[in-house]
Protein chains: 2
Amino acid sequence: MKQQAVFRALADPTRRAILKRLQGGALSAGDIGEAFEITPASLSHHFAVLKQADLVRTERRGQYIVYSLNSTLMEDIARMVLDLFPIGPSKGGKR
Amino acid sequence: MKQQAVFRALADPTRRAILKRLQGGALSAGDIGEAFEITPASLSHHFAVLKQADLVRTERRGQYIVYSLNSTLMEDIARMVLDLFPIGPSKGGKR
DNA sequence: TATATATTTAGACAAATATCTAAATGTCGC
DNA sequence: GCGACATTTAGATATTTGTCTAAATATATA
């Protein structure tokens with residue numbers, strides 16, 4: 001897995017906001033963009049970074065391109081982050 | 001909490017390696033630096049970024065400055081990351 | 001106090017990044 | 001096919017970032 005790509009993708013606040021926005025379900029690029037004061041081109045750039053990290057999936061639906069979270073990666077991401085610290089997150093110490 | 005500072009700090013591979021290195025316990029700046037082909041000045045810059053994110057603590061011990069992980073933040077960090085995804089990491093789902 | 005060691009700070013510079021505008025590509029409805 | 005809409009790609013630019021060297025600060029020890 002491209003650990004660097006994931007961390008880099010999460011480093012930008014706009015991209016994190018995009019991920020949050022997708023929590024409600026899949027959205028077209030344009031629908032996502034409505035929440036941000038940013039050009040479609042810049043937005044597209046962020047999508048590319050998120051895709052490269054495999055954090056989102058895309059599907060063309062007619063005229064639109066629909067983005068959705070790749071939640072199957074979630075556990076891996078959690079592991080990647082927690083791996084940076086000596087013990088697990090739960091009180092019991094997950095190991 | 002400075003979410004942006006944390007994500008930014010984790011985005012650099014050298015800084016992640018520093019965190020890993022500290023898992024074994026506190027180390028002086030110089031001891032940490034031995035693992036990297038980087039000048040002390042650059043290393044110090046990375047420490048500053050990690051400190052700003054509150055990921056590490058420092059303590060002067062005589063001539064040395066000793067760094068250690070701030071593991072109390074771990075849960076917060078895990079939450080910050082998992083917050084970007086719709087459901088929790090454990091098989092049981094949301095926590 | 002003087003010297004050596006450890007670390008940080010200041011300043012410069014190259015590479016990476018986020019943004020924009022303009023143009024290209026892809027799809028739909030007429 | 002043509003025009004309208006949605007999205008991406010290309011190219012330019014300004015900002016941020018990681019790195020360096022040189023100088024400054026702090027501590028230890030002779």
Side-chain angles (χ1 to χ4, degrees), chain A residues 2-22 24-70 81 84, chain B residues 2-22 24-70 77 84:
Chain A
K2 295 149 299 191
Q3 178 159 305
Q4 177 55 28
V6 171
F7 279 112
R8 163 163 137 55
L10 296 181
D12 183 85
T14 298
R15 286 194 289 267
R16 291 199 303 278
I18 290 171
L19 292 177
K20 292 284 289 178
R21 197 116 208 280
L22 287 176
L27 287 174
S28 73
D31 284 347
I32 295 170
E34 281 180 4
F36 308 100
E37 305 212 337
I38 200 180
T39 63
S42 300
L43 205 53
S44 187
H45 157 73
H46 287 304
F47 292 147
V49 176
L50 289 169
K51 263 195 293 189
Q52 194 189 317
D54 208 24
L55 290 171
V56 299
R57 291 277 159 77
T58 70
E59 173 202 354
R60 179 171 277 279
R61 200 172 306 179
Q63 205 171 189
Y64 305 88
I65 293 185
V66 170
Y67 285 85
S68 54
L69 283 183
N70 176 12
V81 173
L84 297 173
Chain B
K2 296 149 296 194
Q3 178 160 305
Q4 176 56 29
V6 171
F7 279 113
R8 162 161 139 57
L10 295 180
D12 183 84
T14 299
R15 287 192 290 269
R16 292 198 303 277
I18 290 172
L19 293 177
K20 291 285 287 179
R21 197 117 208 282
L22 287 176
L27 287 174
S28 73
D31 284 347
I32 296 171
E34 282 180 3
F36 307 101
E37 304 211 339
I38 200 181
T39 63
S42 300
L43 205 51
S44 186
H45 157 73
H46 287 305
F47 292 147
V49 175
L50 289 169
K51 262 195 294 188
Q52 194 188 319
D54 208 24
L55 291 170
V56 299
R57 291 278 159 77
T58 70
E59 173 202 355
R60 178 172 279 277
R61 199 172 306 180
Q63 203 171 357
Y64 304 89
I65 293 185
V66 169
Y67 285 84
S68 54
L69 283 183
N70 177 10
I77 294 167
L84 297 172

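Every heavy atom of this structure was used, including side-chain atoms; hydrogens, water molecules and symmetry mates were not. Chain naming here is simple, since letters A, B, ... match the order of the sequence lines and numbering starts at 1 in each.
- R57(A) has no carboxylate O lying under 4.0 Å from a charged side-chain N of E59(A), or vice versa, which leaves the two without a salt bridge.
- Note on F36(A): nothing from the nucleic acid sits closer than 4.0 angstrom, heavy atoms only.
- Contact between the side-chain N/O atoms of T39(A) and the OP1/OP2 oxygens of dC20(C) is found at a separation under 4.0 Å.
- At a threshold of 4.0 angstrom between heavy atoms, the contacts of I38(B) are confined to the sugar-phosphate backbone, with no base atom among them.
- Between S28(B) and dA6(C), a side-chain N or O to OP1/OP2 separation shorter than 4.0 Å is absent.
- Taking 4.0 angstrom as the limit, R60(A) places none of its side-chain polar atoms (N or O) nearer than this to OP1 or OP2 of dT7(D).
- Between S42(B) and the phosphate of dC20(D), there is a side-chain N or O to OP1/OP2 separation shorter than 4.0 Å.
- Phosphate proximity of dA16(C) to R8(A): absent, as no side-chain N or O sits under 4.0 Å from OP1 or OP2.
- The side chain of H45(B) contributes no N or O atom lying less than 4.0 Å from OP1 or OP2 of dA10(C).
- As a whole-Å value, the separation of D12(B) CG from dT16(D) P is 18 Å.
- For the pair K51(A) NZ and dT7(D) P, the interatomic distance rounds to 12 Å; values are reported in whole Å.
- For dT8(C), the OP1/OP2 oxygens have no side-chain nitrogen or oxygen of Y64(B) closer than 4.0 Å.
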